[in-house]
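Okay, structure first, notes after.
Here is the naming used below: chain letters follow the sequence lines, and residue numbers restart at 1 for every chain.
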Number of protein chains: 2
Amino acid sequence: MSSVPGWANVNERRNLPPALAVSTVILGIREGHDGGPDKLCLPLVRRIRQPHAGLWALPGGPVDASESLGQAAGRSLADTTGLRPSYLEQLYTFGDIDRSPTHRLVTIAYFALLNADQVGATVQDENVAWFDIDDPNMAQLAFDHRKIVDYALWRLRNKTEYGQIAHRLLGERFTLAALRGVYEAILGRRLDPANFRRTLKNTATIEATEEYLAGGQHRPPRLYRYVGHGPDPLEVDPSQG
Amino acid sequence: MSSVPGWANVNERRNLPPALAVSTVILGIREGHDGGPDKLCLPLVRRIRQPHAGLWALPGGPVDASESLGQAAGRSLADTTGLRPSYLEQLYTFGDIDRSPTHRLVTIAYFALLNADQVGATVQDENVAWFDIDDPNMAQLAFDHRKIVDYALWRLRNKTEYGQIAHRLLGERFTLAALRGVYEAILGRRLDPANFRRTLKNTATIEATEEYLAGGQHRPPRLYRYVGHGPDPLEVDPSQG
DNA sequence: TTCGTTAGAGTCATTCTGACATTAAGTGTC
DNA sequence: GACACTTAATGTCAGAATGACTCTAACGAA
């Protein structure tokens, strides 16, 4: 993030089009401790340049002339955090005049999901860290990034089809209890295990495998697999990024 | 649309940030003739400059440095068509590299609704015209505007809350039959009048008035009013545009 | 072997939904 | 004025979906 192509300094860019950037809200799931509920969490990067140097911000960067918007989101994410999420979806474009104190900045916000394995493998240092969504440190982020995070959570909770979303927060195979934990973290309330099982069996996007999860304390649960249909019309394929 | 501030020509803008524009899909409702179902329709403007000169396109224009994105959508809409819709919502941002043959163009698409009175009062000339969404002329639009229209229709059909949307396509007061016509046009299928009435009574966002619509051929229907709650977190207020 | 815990299936009452019947209230025709 | 016709509005009923709950199965730990 030291030399930023495409972003001229304030004086140079009078009368030029707005600077264009992408930022990504990356959500992952973290197991609750002491049997508590699972929690949604996300990685933030510390800003090392003005404006808002020192504050935590969403990972992102400027849009390169040679890449599409989705590609820019995927690339800038890999550059700043090393993460390559399995799901990437455009969220909203923020372009109020005064959202940056130094220049006119239009940000296309993306929304990404990471499965549990990827969350665990993340390297953290003093400039990249994970926060629970209810962490007090989340109160003050750079720019209007707090607003962007809130909007991402609102969208997640109002998704009509959780199937896709939930399975992308887990691995390829998962137990129904783990899937229920994801739903509970998103919705913020407990669900009845029996009814949850029945409902999912009717959706036909979840398929039982013949494998069971061994090594637990109690009766080993069956593993399931997601067999959902095609993506939304404008969903991003992160493998192209 | 003759002199477009902010858009340099192709040679000038090598190595500059992408050009930023807004385009708006404005949907209105038109009564079906011969008792047929109501139809969704939208206004298009004919392009008078390259690229794609002569083709029909969504109304829009570049984003001015002094206005927010929503304001740019509202203003460019008034400039090109004279329309001032009662509802404006951001749809999606399109930024593929090759979506314009002459330059890198990022378009923030908006989605607007007009009520029946506003549709009727629109002036049409050879460069501004309304089309039914199933009109064959809609097959070839400038840029990727056909894709934008399709996405707007998909979003409209998948809205969880039709209440707001439907009432903005009608006037302040409306009959249940008119509201049902809007739903049928959006969903593309007939609905049972009795069940439709029952469902709406349970939503509590529609309120009966003491007025009746006179002048019809048959039993005069009661007029209803929309009393919905607040807007979505990021909904645009078009009165600010 | 017993106990504690989770997996998974089943029961039952309530609510929601689609299909359809019935009554109410106006206009136009003879 | 009687009648047919059309739409408005309410009611009924069966099947599906939902929430709360019970019961049995299968493991590890003691």
Specify the separation, in whole Å, of atom [atom1] of [X] and atom [atom2] of [N].
X: A/Leu176; N: C/dG8; atom1: CG; atom2: C1'; answer: 9 Å
X: A/Leu187; N: D/dT18; atom1: CG; atom2: P; answer: 14 Å
X: B/Phe196; N: C/dA19; atom1: CZ; atom2: P; answer: 16 Å
X: A/Arg222; N: C/dG8; atom1: CZ; atom2: C1'; answer: 10 Å
X: A/Leu200; N: D/dG19; atom1: CG; atom2: P; answer: 13 Å
X: B/Tyr224; N: D/dA9; atom1: OH; atom2: C1'; answer: 8 Å
X: B/Ile206; N: D/dA9; atom1: CD1; atom2: P; answer: 14 Å
X: A/Arg180; N: C/dG8; atom1: CZ; atom2: P; answer: 11 Å

Under-3.5 Å donor-acceptor pair between [X] side chain and [N] base:
X: A/Arg219; N: D/dA25; result: yes
X: B/Asn195; N: C/dA19; result: yes
X: A/Arg198; N: D/dG19; result: yes
X: B/His218; N: D/dT7; result: no

>> As a quick check of understanding, evaluate side chain to side chain donor-acceptor pair (under 3.5 Å) for A/Thr93 and B/Thr93, giving each step before the final call.
In response: CA-CA 7 Å; A/Thr93 299; B/Thr93 299; 2.5 Å; yes
> Starting at the 5' end of DNA chain C and moving along, which residue's nearest nucleotide shows up first, B/Pro220 or B/Asp192?
Replying inline: B/Asp192
>> The criterion is ring pair (Phe, Tyr, Trp, His ring centres under 6.0 Å); which residues satisfy it with A/Phe143, sequence neighbours excluded?
In response: A/His52, A/His145
>> By nearest heavy atom, map A/Thr199 and B/Ala177 onto DNA chain D; which one lands nearer the 5' end?
In response: B/Ala177
>> Side-chain N or O of A/Gln217 versus OP1/OP2 of D/dA29: is the shortest distance under 4.0 Å?
In response: yes
> Does B/Lys201 make a side-chain N or O approach to OP1 or OP2 of D/dT10 shorter than 4.0 Å?
Replying inline: yes
> Counting any heavy atom closer than 4.0 Å, what does A/Ala194 reach on the DNA or RNA strands: base, sugar-phosphate only, or nothing?
Replying inline: base
> Are B/Glu31 and B/Lys39 ion-paired here, with the side-chain N under 4.0 Å from a carboxylate O?
Replying inline: no
> Do A/Arg222 and A/Glu210 sit within salt-bridge range, that is, some charged N less than 4.0 Å from a carboxylate O?
Replying inline: yes
>> Quick check on the 6.0 Å ring-centre criterion: do B/Phe174 and B/Tyr224 meet it?
In response: no
